[in-house]
Amino acid sequence: MFHIYKGYELVEAYHNMRLHRRFHPSEGFKKTTQAIIVLIVTLLLWNLPTTAFGIDGLTVVQQRIIAIFAFATLMWIMEVVSSWATSVAIIGMMLLFTSDSGIKWMCNPDEVGQLLSYKAIMATFADPVIMLFIGGFILAIAATKTGLDTQLAKVLLKPFGNKSDNVLLGFLLITGLFSMFVSNTATAAMMLTFLTPVFKQLPPEGKGRIAMALSIPVAANLGGMGTPIGTPPNTIAMKYLNDPEGLNLGIGFGQWMMFMLPLVLLLLFISWWMLKTMFPFSQKTVKLEIEGEMKRNTQTYIVIVTFFVTVALWLLDTVTGINSYTVALIPFVVFALTGVINKRDLEQINWSVIWMVAGGFALGYGLNASGLAANAVESIPFGSFSPILILIFSGLICYGLSNFISNSATAALLMPILAFVCGAMGDILAPIGGTTTVLIGIAVAASSAMVLPISTPPNALAYATNLVQQKDMSKIGLLIGIISMGLGYALLYLIGTLHLL
């Protein structure tokens, strides 16, 4: 998807590295072993007696969904195949073995229990949240195609001058701002490209290069928390918080930004202080030069006006009554009709992320529509659990998994379970701010996970510059991650107890 972005060669190198590692002969035995383990666990759960699960009234369909959930968890954690491929498999398995359009002799409702609607499973790919993703991708593609992103970077970085510490702050803030609306991978690639001439000016023996290189992934990871479209876990949280058939909390785009944007800004300033303290510049000034120009034509002005109108409508959704999902299609319509976006540009949409998220939504639908989640809540005394324990435990699980696997996959696994469990607990969670605190907390924890080069694509891109050692990335990533989770959960607790959402 990223070939129109500046810095695409970094993204291409990153993906080639992952593919080479995945299909390297030395990995063959490992992947085969992992696939066999997944198959054995899945078949075991699929064929156990329903009484073995300790859930009253468990049907065969529900048991199959447990097996599919285990399959998804293991496949995502082990990365036997790409995350999106696992999601496609989830949807396929649910259609074949748990739906009213499944294999006839395996999907007799009199024998296996209530079947899922095949239309509802397929509809997860057209969920309103998916439209929000597509709208975000279209805006990013249009901004890059017209050179608007480069022009914005030039204008926004200019006030920071030539002092090294200030340039570092500028890159942190601008990267954070871009990653609120553009893929953090594309943002990191573009900003690292802009930093290339800066790296050449800084002395190799100094630590300033490390600070600059690390500023990009840190800001890209943190910046994504600022808006519902900034990173997939945010959008997944919005789905379960606003689901009319679920929690139906009606949290808007503007409401999210009202609280999360100040948190992101605070974290970026803290990151700036930590980076310039831990990796001080030996050269106090640098000359910043950004190549590339914005196209001066009608299409560019259409993109500029549409971009600001879209953001304004997102922020004023409670005033206009147009929800963020509908607003996301406005730039798509405008750019399609005016020729800003053509059919080739549609190929640049990151469909792998969309399939990844859709598979998670299908899994969530299966848990709820089959009655499995309700049966599990009745059989397991969640009501006796400490709210603080649930909050901390869920956050730590998310943080731990997100450091090793896709944060989208982590959110897709945890959100549907926690949404139902927290909804069933009702007022018991009131002391910590309710379900909102738990689900948005998962999104915060996912964005805070940045310890390893494999934790996020921006981390991998920065590591690929060969200016950063893993120990430096782990040190700053762990410290900022702990601070991010601490401040994020404190903010969510305050918002929840004061009933501000």
Side-chain angles (χ1 to χ4, degrees), residues 6-7 10 149-150 152-199 201-202 206-227 230-231 257 260-281 283-288 290 444 447-451 455-459 461-463 465 467-468 472-473 475-484 487-488:
K6 289 179 178 61
L10 289 174
D149 54 353
T150 300
L152 281 173
K154 284 183 179 181
V155 172
L156 294 173
L157 283 168
K158 190 174 182 179
F160 293 95
N162 294 327
K163 189 178 178 182
S164 298
D165 286 349
N166 292 347
V167 172
L168 174 65
L169 176 60
F171 271 94
L172 277 162
L173 293 177
I174 305 311
T175 303
L177 174 65
F178 278 16
S179 66
M180 293 180 193
F181 298 97
V182 180
S183 151
N184 61 9
T185 306
T187 298
M190 178 179 68
M191 298 305 287
L192 283 168
T193 302
F194 294 157
L195 269 177
T196 301
V198 177
F199 291 146
Q201 296 176 48
L202 295 171
K207 294 185 177 181
R209 286 185 171 193
I210 301 175
M212 285 290 192
L214 284 174
S215 70
I216 303 305
V218 167
N221 294 327
L222 294 176
M225 292 192 289
T227 66
T231 186
M257 284 193 70
M260 298 305 288
L261 182 57
L263 172 65
V264 170
L265 290 174
L266 176 59
L267 289 171
L268 290 175
F269 275 100
I270 291 173
S271 301
W272 173 56
W273 179 83
M274 293 178 67
L275 284 168
K276 72 190 186 85
T277 301
M278 296 171 65
F279 309 103
F281 288 91
Q283 180 175 313
K284 299 306 178 184
T285 61
V286 291
K287 186 178 180 181
L288 190 59
I290 295 178
V444 170
S447 292
S448 301
M450 56 182 97
V451 173
S455 297
T456 67
N459 278 26
L461 293 177
Y463 187 72
T465 63
L467 298 172
V468 179
D472 295 327
M473 181 173 284
K475 187 190 305 180
I476 198 74
L478 181 62
L479 290 173
I480 292 176
I482 291 172
I483 293 170
S484 173
L487 291 177

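Please read these numbers as outputs of a predicted model, since none were measured by experiment.
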Novice: Begin with the C-alpha distance, continue with both residues' side-chain angles, and end with the deciding distance and a verdict on side-chain contact (heavy atoms from CB on, under 4.5 Å) for Ile480 and Ile270.
Specialist: CA-CA 8 Å; Ile480 292 176; Ile270 291 173; 5.9 Å; no

Novice: Can you tell me how far the CG atom of Leu487 sits from the CD1 atom of Ile483, to the nearest 0.5 Å?
Specialist: 7.0 Å

Novice: With rounding to the nearest 0.5 Å, note down the distance linking CZ in Phe269 to CE in Met274.
Specialist: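 One finds 15.5 Å between CZ of Phe269 and CE of Met274.
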
Novice: Could you check Leu192, Asn184, Thr187 and say which one makes a side chain to side chain contact (heavy atoms under 4.5 Å, CB included) with Pro458?
Specialist: Asn184

Novice: Evaluate whether atom NZ of Lys475 has more than 12 neighbouring non-hydrogen atoms of other residues, nucleotides or ligands under 6.0 angstrom away.
Specialist: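 Check fails, neighbour count at 12 or below.
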
Novice: Closest approach of Thr231 and Ser447, non-hydrogen atoms and distance?
Specialist: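 Heavy atoms only, the tightest pair is CG2-OG, 3.7 Å.
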
Novice: Taking side chain as C-beta onward, heavy atoms only, is Asn459 less than 4.5 Å from Asn221?
Specialist: yes

Novice: Could you walk me through whether Val264 and Met180 pass side-chain contact (heavy atoms from CB on, under 4.5 Å), step by step?
Specialist: CA-CA 10 Å; Val264 170; Met180 293 180 193; 3.9 Å; yes

Novice: First locate atom CG of Leu467, then atom CG of Leu195, and finally report the distance between them rounded to the nearest 0.5 Å.
Specialist: 9.5 Å

Novice: Decide yes or no on side-chain contact (heavy atoms from CB on, under 4.5 Å) for Met450 and Ser484, but give the supporting numbers first.
Specialist: CA-CA 11 Å; Met450 56 182 97; Ser484 173; 5.7 Å; no

Novice: Could you list the donor-acceptor pairs under 3.5 angstrom formed between side-chain atoms of residues 207-220 and any protein atom two or more places apart in sequence or on another chain?
Specialist:
residue: Arg209; atom: NE; partner: Phe199; partner atom: O; Å: 3.0
residue: Arg209; atom: NE; partner: Leu202; partner atom: O; Å: 3.1
residue: Arg209; atom: NH2; partner: Phe199; partner atom: O; Å: 3.0
residue: Arg209; atom: NH2; partner: Leu202; partner atom: O; Å: 3.2
residue: Ser215; atom: OG; partner: Met212; partner atom: O; Å: 2.6

Novice: Under 4.5 Å between any side-chain heavy atoms of Val182 and Met190, yes or no?
Specialist: no

Novice: Tell me which donor-acceptor pairs under 3.5 Å the side chains of residues 157-174 have, and how far apart each pair is, sequence neighbours excluded?
Specialist:
residue: Ser164; atom: OG; partner: Gln283; partner atom: O; Å: 2.6
residue: Ser164; atom: OG; partner: Lys284; partner atom: O; Å: 3.1
residue: Ser164; atom: OG; partner: Thr285; partner atom: N; Å: 3.2

Novice: Could you list all the ring pair (Phe, Tyr, Trp, His ring centres under 6.0 Å) pairs where at least one residue sits in residues 173-193, not counting sequence neighbours?
Specialist: Phe181-Phe307

Novice: Rounded to the nearest 0.5 Å, how far apart are CD1 of Ile476 and OG of Ser271?
Specialist: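 Reported to 0.5 Å precision, the distance equals 7.0 Å.
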
